[in-house]
**Student:** 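Got a structure for you, written out below as structure tokens; questions coming shortly.
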Amino acid sequence: MTNLIEQLDSIQSRRKFPNWKPKAPSGKWLPDMTDDQKETLRRMLDFVDLEVAVGNWITSNDADTEEKVQSIVERNQKDELKHDEVLRYLREYTSYRKQDERPDSIVKAWQEQKPSFSLAFALEMGVFMTILPWINKHGDLYCSQVSNWISDDEVVHVRTNSLLSKAYKQSLSKRHFQLVKDTLSYIFEPLGDEY
């Protein structure tokens, strides 16, 4: 267990922005994006509620974690609350309007899974680490800043959850892979072959 904690501490120490705080944008959104790209960004923002959910999965799963491991997990959970807050600022900034009921069923399917480090890993590695670089590439300065803040945390979360999944023998399932596929297919549908 000592070796596991040392590895977890090492992962945590690699944060570039350990104390960032959610900040609302100061200007107006003037997107340099195609209509399909704007729709793709809107679809990404349909999944903001999964930020808090993933934090709950890592703290409420049935792994018998010792106190030091639990404190690291709780640190990562607090990150998710910051992500939720700053992504809601991003929703306001981009004049987000929900336009489709399909993501509701996808979110529900994620939330129906048994909480585990492997489930969190699937969502963060499969979905978040796919959409964040896209936001950074296609968004404006504020979008890029939000992406960089969250990405820095997510690298830590992905490595942590991968390690804990192995330590507590929690495997990825076919359903996890299917959920990642369903989520990304919906998000990037407007781009067609461009993505």
Side-chain angles (χ1 to χ4, degrees), residues 22 24-25 28-61 76-140 142-147 149-151 153-154 157-158 161 172-195:
K28 184 177 179 182
W29 189 45
L30 299 170
D32 183 18
M33 304 170 92
T34 67
D35 287 343
D36 289 341
Q37 288 171 336
K38 287 180 199 171
E39 173 62 10
T40 299
L41 177 60
R42 187 198 64 73
R43 289 182 181 213
M44 290 175 182
L45 294 172
D46 281 335
F47 294 94
V48 168
D49 290 345
L50 286 177
E51 288 289 350
V52 173
V54 74
N56 292 335
W57 299 339
I58 60 174
T59 57
S60 65
N61 78 77
N76 290 353
Q77 182 191 34
K78 287 177 184 173
D79 292 337
E80 304 301 350
L81 299 175
K82 293 196 303 184
H83 301 175
D84 180 80
E85 184 177 348
V86 78
L87 287 170
R88 291 186 192 282
Y89 285 142
L90 188 58
R91 273 183 167 185
E92 291 174 24
Y93 180 61
T94 60
S95 302
Y96 166 86
R97 295 288 180 274
K98 184 176 178 181
Q99 296 178 13
D100 197 325
E101 299 301 319
R102 283 183 292 166
D104 293 345
S105 63
I106 299 172
V107 168
K108 183 179 177 191
W110 278 104
Q111 292 175 332
E112 287 174 346
Q113 303 309 300
K114 181 180 179 182
S116 66
F117 296 120
S118 58
L119 179 64
F121 175 82
L123 177 64
E124 292 178 318
M125 183 66 201
V127 177
F128 295 166
M129 294 301 286
T130 300
I131 67 176
L132 289 166
W134 190 95
I135 292 172
N136 191 29
K137 179 179 179 181
H138 297 286
D140 65 4
Y142 181 70
C143 292
S144 180
Q145 183 65 75
V146 168
S147 171
W149 282 331
I150 297 175
S151 293
D153 290 339
E154 293 298 356
H157 297 181
V158 163
N161 290 327
L172 289 166
S173 69
K174 289 182 181 177
R175 185 65 178 140
H176 294 161
F177 287 108
Q178 187 63 50
L179 285 168
V180 169
K181 182 181 177 185
D182 292 347
T183 307
L184 294 179
S185 294
Y186 166 76
I187 288 172
F188 290 108
E189 182 182 56
L191 299 179
D193 294 337
E194 182 186 333
Y195 180 74

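Note: hydrogens, waters and symmetry copies are ignored here, and every other heavy atom, side chains too, is used.
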**Student:** Taking Leu81's backbone N and O only, do any of them form a donor-acceptor pair with Glu85's side chain (distance below 3.5 Å, no angle check)?
**Tutor:**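 A pair under 3.5 Å: no.
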**Student:** List the atom of Ser118, the atom of Leu172, and the distance in Å for their closest heavy-atom pair.
**Tutor:** O-CD2, 3.4 Å
**Student:** Do the side chain of Ser147 and the main chain of Cys143 share a donor and acceptor less than 3.5 angstrom apart?
**Tutor:**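 Checking the backbone N and O of Cys143 against the side chain of Ser147, no donor-acceptor pair under 3.5 Å is found.
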**Student:** As a quick check of understanding, evaluate side-chain contact (heavy atoms from CB on, under 4.5 Å) for Phe47 and Ile131, giving each step before the final call.
**Tutor:** CA-CA 11 Å; Phe47 294 94; Ile131 67 176; over 6 Å; no
**Student:** Answer whether the closest heavy-atom distance between the side chains of Val146 and Tyr89 falls below 4.5 Å.
**Tutor:** no
**Student:** Do Asp140 and Tyr93 come within less than 4.5 Å of each other through their side chains, counting heavy atoms only?
**Tutor:** yes
**Student:** If the threshold is 4.0 Å, N to carboxylate O, is there a salt bridge linking Glu39 and Arg43?
**Tutor:** yes
**Student:** Of the non-hydrogen atoms in Arg42 and Arg97, which two are nearest, and what is the gap between them?
**Tutor:**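 For Arg42 versus Arg97, the nearest heavy atoms are CD-O, 3.3 Å.
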**Student:** Could you check whether any side-chain heavy atom of Ile58 comes within less than 4.5 Å of a side-chain heavy atom of Asn76, counting everything from C-beta outward?
**Tutor:** yes
**Student:** If you define the side chain from C-beta out and look only at heavy atoms, does anything of Asp79 sit under 4.5 Å from His83?
**Tutor:** yes
**Student:** Is the shortest heavy-atom distance from the side chain of Ser95 to the side chain of Trp29 under 4.5 Å?
**Tutor:**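 Not touching, per the 4.5 Å side-chain cut-off.
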**Student:** Taking all atoms of both residues into account, what is the closest heavy-atom pair of Arg91 and Val48, and its distance?
**Tutor:** NE-CG2, 3.7 Å
**Student:** Hey, what do you get for CG (Leu50) to CG (Asp84), rounding to the nearest 0.5 Å?
**Tutor:** 10.5 Å
**Student:** Check whether any side-chain heavy atom of Trp134 lies under 4.5 Å from a side-chain heavy atom of Leu41, and answer yes or no.
**Tutor:** yes
**Student:** Between Ala109 and Arg175, which heavy-atom pair has the shortest distance, and what is it?
**Tutor:**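 The answer is CB-NH2, 3.5 Å.
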**Student:** Rounded to the nearest 0.5 Å, how far apart are OG1 of Thr130 and CZ of Phe188?
**Tutor:**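 The OG1 atom of Thr130 sits 6.5 Å away from the CZ atom of Phe188.
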**Student:** Quick one: pull up CZ in Arg88 and OH in Tyr96 and give me the separation to the nearest 0.5 Å.
**Tutor:** 9.0 Å
**Student:** Identify the two heavy atoms, one from Gln37 and one from Asp32, that lie closest to each other, and give their separation to 0.1 Å.
**Tutor:**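 Reported closest heavy-atom pair: OE1-O, 4.5 Å.
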**Student:** In Å, rounded to the nearest 0.5 Å, how long is the span from CG of Leu179 to CG of Leu123?
**Tutor:** 9.0 Å
**Student:** Around atom NZ of Lys98, are there more than 12 heavy atoms from other residues, nucleotides or ligands closer than 6.0 Å?
**Tutor:**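 Result for NZ/Lys98: enclosed.
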**Student:** Walk me through whether Trp110 and Val127 qualify under side-chain contact (heavy atoms from CB on, under 4.5 Å).
**Tutor:** CA-CA 12 Å; Trp110 278 104; Val127 177; 4.1 Å; yes
**Student:** Leu132 versus Trp149: any side-chain heavy-atom pair under 4.5 Å?
**Tutor:** no
**Student:** Applying side-chain contact (heavy atoms from CB on, under 4.5 Å) to Val180 and Phe177, what does each step give before you reach the verdict?
**Tutor:** CA-CA 5 Å; Val180 169; Phe177 287 108; 5.7 Å; no
**Student:** Using every non-hydrogen atom in the two residues, find where Lys38 and Met33 come nearest and quote the distance to one decimal.
**Tutor:** CE-O, 3.6 Å
**Student:** Checking Lys108 against Asp104 for the salt bridge (charged side-chain N to carboxylate O under 4.0 Å, His left out) test, could you report, in this order, the C-alpha distance in whole Å, the side-chain angles of both residues, the deciding distance, and whether it holds?
**Tutor:** CA-CA 6 Å; Lys108 183 179 177 191; Asp104 293 345; over 6 Å; no
**Student:** Would you say Ser105's side chain and Glu101's backbone share a donor-acceptor pair under 3.5 angstrom?
**Tutor:** no
**Student:** Working to the nearest 0.5 angstrom, can you tell me the gap between Leu87 CG and Ile135 CD1?
**Tutor:**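 Between atom CG of Leu87 and atom CD1 of Ile135 there are 7.0 Å.
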**Student:** Within this structure, what is the CD1-CZ distance for the pair Ile150 and Phe128, rounded to the nearest 0.5 Å?
**Tutor:**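 Going from the CD1 atom of Ile150 to the CZ atom of Phe128 covers 8.5 Å.
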**Student:** Are Glu124 and Glu51 packed together at the side-chain level, in the sense that at least one heavy-atom pair is separated by less than 4.5 angstrom?
**Tutor:** no
